[in-house]
Amino acid sequence: MELSTVYDILFHGAKLAVSEDEMGKVAECHEFLKEFAKDKVIYGINTGFGPMAQWRVSDSHLKELQYNIIRSHSTGAGEPLSDVEVRSAMVARIGTFLQARSGISTEVIKLLQEFVNREIYPFIPQHGSVGASGDLVQLAHIALCLIGEGKVHYKGEWRDTAGVMEAEGLTPMGIRVREGLSVTNGTSVMTGISIVNQYYAENLLKYATIAGAWINEIADSFDDYMSVEENICRRQPGQQVIARWLREVSEGSRHLQKREHELYNPEKNKDMYFEHKVQAYYSLRCIPQIYGPVYDTLRNAAEVLENEINSACDNPIVDYTTRNIYHGGNFHGDYISLEEDKVKIAMVRVAMTAERQLNYLFHDRINGILPPFLNLGTLGLNYGMQACQFTATSTTAECQTLAMPNYVHSIPNNNDNQDIVSMGTNSALLCRRVIDNAYQVMSILYIALAQATDCLGIADKLSPRTREQYGAIREICPKFIEDHPFHEEIAATEKYLRTNIIEYLK
């Protein structure tokens, strides 16, 4: 399953389809497990779980054992995950089961598929996972709904699962061999949250790059900062991509300068002091170097996520091809935890850069061409976007506080059975918070870019791509002279940035 396919299911209304060939392999694995487990001791089938694995469970209680792990582990706390995050987690879980290494019946996949396609979302609290045996607590909340218990979000309301399943003609999941453990065991929730993070982070980077091109037009910068020749000298792939994006966005602009026409022209460079900056501030001219590593980080994260949804993150691994069962730790969430920390740090950098670009626009003694805080009213009486900077700065500061890697915050638990854990779901949730914050900062920057464009009267000189963004923002927030509240316009701009996906930068 490709990440783009998951995006289509999550954001574009596509239905989740499963091939007969895939289901056939799942069924073959299930039949092998039923036969293989008859006279053997196998973890989680006829033993207790975790540190209780030293106790054998009698054959008369094996089905009860599977129900017990679901009910006993449904202990999450806090606000529920969003519908799209739950949907993503269920898709990721199906991806794991389709590897045909879990020993579950095809009935489990079919029921999860129905939940996804009918938009039935189990209640999953944010808090509960340490990310070591995967997302035991959060996945238990999914499993609880699959057996017809707990609550689901359905058609905008929280309802009892049993009633929704009855209304939809769905039968609760049965326990065959190890369905309880298989559904609760693995990295699917942290992966699901991370996939949603990835989608929004990739889009935010594109808007950040467009903002970078736009602010350089406002500054009437020299265009060689994004040139092929400048950037190809540094052998970093992300930098090359960002520089190319900047050139694509800036194509057709009539408010960028050519260094060879101005500073390299003996007829024009006779002054001893140049009012126009020979080199722009770093937050303007170093965009390829700042956003290049962000691009590379996101590219690597996408690869890890795609690998994870096409992996068996279960324990034990039921391998019907070698006719054996292997015990290990594929449920450990380190891959996801580390990547989400890296994405989080990269998004903090995006927020920081946007905040510095805002400062350039607001600070008249720095830019030298714009009124203080883009104030088109009476200075002293009116305040322009002065207070918007408070919001951007405080939000960026929170991002910086959240930048501390969560991957290194292991705390032993589970009677020290889980003596080193990934905290992967916490990492994904913190990354989500930073991405949300960064969108807010970027929204304020976009409003400021539109206002700065009007302060200078250069809308007709912008490139077609930045002019397109100028027009979109002006539909949300018209040019302002008198003071007024901005909070609704910031929220509307954030919604615009989140829902209007940039397709042309690839």
Side-chain angles (χ1 to χ4, degrees), residues 1-2 18-50 52-54 56-57 59 62-63 65-66 69-70 89-113 131-136 139-140 142-143 146 173-191 303-336 417-418 422 424:
M1 191 184 303
E2 295 182 354
V18 179
S19 71
E20 291 184 8
D21 180 60
E22 289 173 311
M23 288 297 244
K25 293 175 182 177
V26 172
E28 190 174 350
C29 181
H30 176 61
E31 291 303 317
F32 160 70
L33 178 61
K34 284 199 302 185
E35 185 64 30
F36 187 85
K38 286 181 178 178
D39 58 355
K40 299 174 181 65
V41 176
I42 301 173
Y43 172 78
I45 294 179
N46 51 14
T47 75
F49 303 113
M52 300 294 181
Q54 304 309 110
R56 186 166 185 161
V57 177
D59 290 351
L62 296 186
K63 184 172 290 190
L65 174 69
Q66 298 299 315
I69 191 172
I70 295 171
M90 291 192 292
V91 172
R93 199 73 203 138
I94 290 171
T96 283
F97 288 152
L98 289 178
Q99 306 311 306
R101 292 297 185 272
S102 296
I104 49 96
S105 69
T106 57
E107 170 194 351
V108 181
I109 296 174
K110 290 176 182 177
L111 186 55
L112 273 170
Q113 183 183 13
S133 285
D135 301 304
L136 287 172
L139 284 172
I142 293 180
L146 293 179
M173 176 183 77
I175 300 297
R176 304 292 188 271
V177 185
R178 66 183 296 263
E179 277 72 14
L181 177 60
S182 285
V183 176
T184 60
N185 198 31
T187 62
S188 300
V189 172
M190 67 177 79
T191 301
E303 180 179 351
V304 170
L305 290 172
E306 193 163 284
N307 287 341
E308 195 72 5
I309 58 177
N310 292 290
S311 298
C313 55
D314 211 338
N315 179 59
I317 292 295
V318 181
D319 192 342
Y320 70 96
T321 63
T322 62
R323 316 299 292 179
N324 206 346
I325 293 182
Y326 304 93
H327 293 67
N330 281 352
F331 49 55
H332 214 280
D334 276 47
Y335 272 104
I336 301 300
N417 172 56
Q418 297 183 10
S422 75

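All values below were derived from every heavy atom in this structure, side-chain atoms included, with hydrogens, water molecules and symmetry-related copies excluded. The structure displayed is predicted, hence computed values, not measured ones.
The structure places CD1 of Ile109 at 4.0 Å from CD1 of Ile104, a figure rounded to the nearest 0.5 Å. In this structure, CE on Met173 lies 8.0 Å from CG on Leu111, to the nearest 0.5 angstrom. For the atom pair CD (Glu306) and CE (Met1), the distance works out to 10.0 Å, reported to the nearest 0.5 Å. Atom OG of Ser102 sits about 10.0 Å away from atom CD of Glu179, to the nearest 0.5 Å. For the atom pair Arg101 CZ and Ser311 OG, the distance stands at 11.5 Å (nearest 0.5 Å). The distance from atom NZ of Lys38 to atom CD1 of Ile45, rounded to the nearest 0.5 Å, is 13.0 Å.
By the 4.5 Å heavy-atom criterion applied to side chains, Ile70 and Val183 are not counted as neighbours. Contact annotation: the side chain of Thr47 approaches that of Val41 to within less than 4.5 Å [non-hydrogen atoms, C-beta and beyond]. In this structure, Asp319 and Asn324 have side chains that are not in contact, with every pair of non-hydrogen atoms separated by 4.5 Å or more. Contact annotation: the side chain of Pro316 approaches that of Arg178 to within less than 4.5 Å [non-hydrogen atoms, C-beta and beyond].
Heavy atoms only, all atoms of each residue included: Ala100 and Cys29 are closest at O-SG, 3.3 Å. Nearest heavy atoms, Asn330 versus Ala312: ND2-O, 3.3 Å. When every heavy atom of Ser105 is checked against every heavy atom of His30, the shortest pair comes out as N-ND1, 3.7 Å.
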*For side chain to side chain donor-acceptor pair (under 3.5 Å), just list the numbers for Asn185 and Asp314, CA-CA rounded to whole Å, side-chain angles, deciding distance to a tenth of an Å, and then say yes or no.*
CA-CA 6 Å; Asn185 198 31; Asp314 211 338; 3.1 Å; yes
*asked:* Test side-chain contact (heavy atoms from CB on, under 4.5 Å) on Leu139 and Ser188; report intermediate values, then the result.
replied: CA-CA 8 Å; Leu139 284 172; Ser188 300; 4.1 Å; yes
*Could you go step by step and tell me if Val318 and Phe36 meet the side-chain contact (heavy atoms from CB on, under 4.5 Å) rule?*
CA-CA 10 Å; Val318 181; Phe36 187 85; over 6 Å; no
*Step by step, work out the side-chain contact (heavy atoms from CB on, under 4.5 Å) result for Arg93 and Ile142.*
CA-CA 10 Å; Arg93 199 73 203 138; Ile142 293 180; 5.9 Å; no
*Might you work through the salt bridge (charged side-chain N to carboxylate O under 4.0 Å, His left out) test for Lys25 and Glu28, ending with a clear yes or no?*
CA-CA 5 Å; Lys25 293 175 182 177; Glu28 190 174 350; over 6 Å; no
*I would like to know whether Ile325 and Tyr43 meet side-chain contact (heavy atoms from CB on, under 4.5 Å); could you show each step before the answer?*
CA-CA 10 Å; Ile325 293 182; Tyr43 172 78; over 6 Å; no
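Between the side chain of Gln99 and the main chain of Gly95, a donor-acceptor pair closer than 3.5 Å is present. Checked by atom type and distance alone, the side chain of His332 never pairs as donor or acceptor with a backbone atom of Ala132 at under 3.5 Å. For Thr187 (side chain) and Met190 (main-chain N/O), no donor-acceptor pair under 3.5 Å exists by modelled atom type.
At most 12 heavy atoms of other shown residues, nucleotides or ligands fall within 6.0 angstrom of atom OH in Tyr335.
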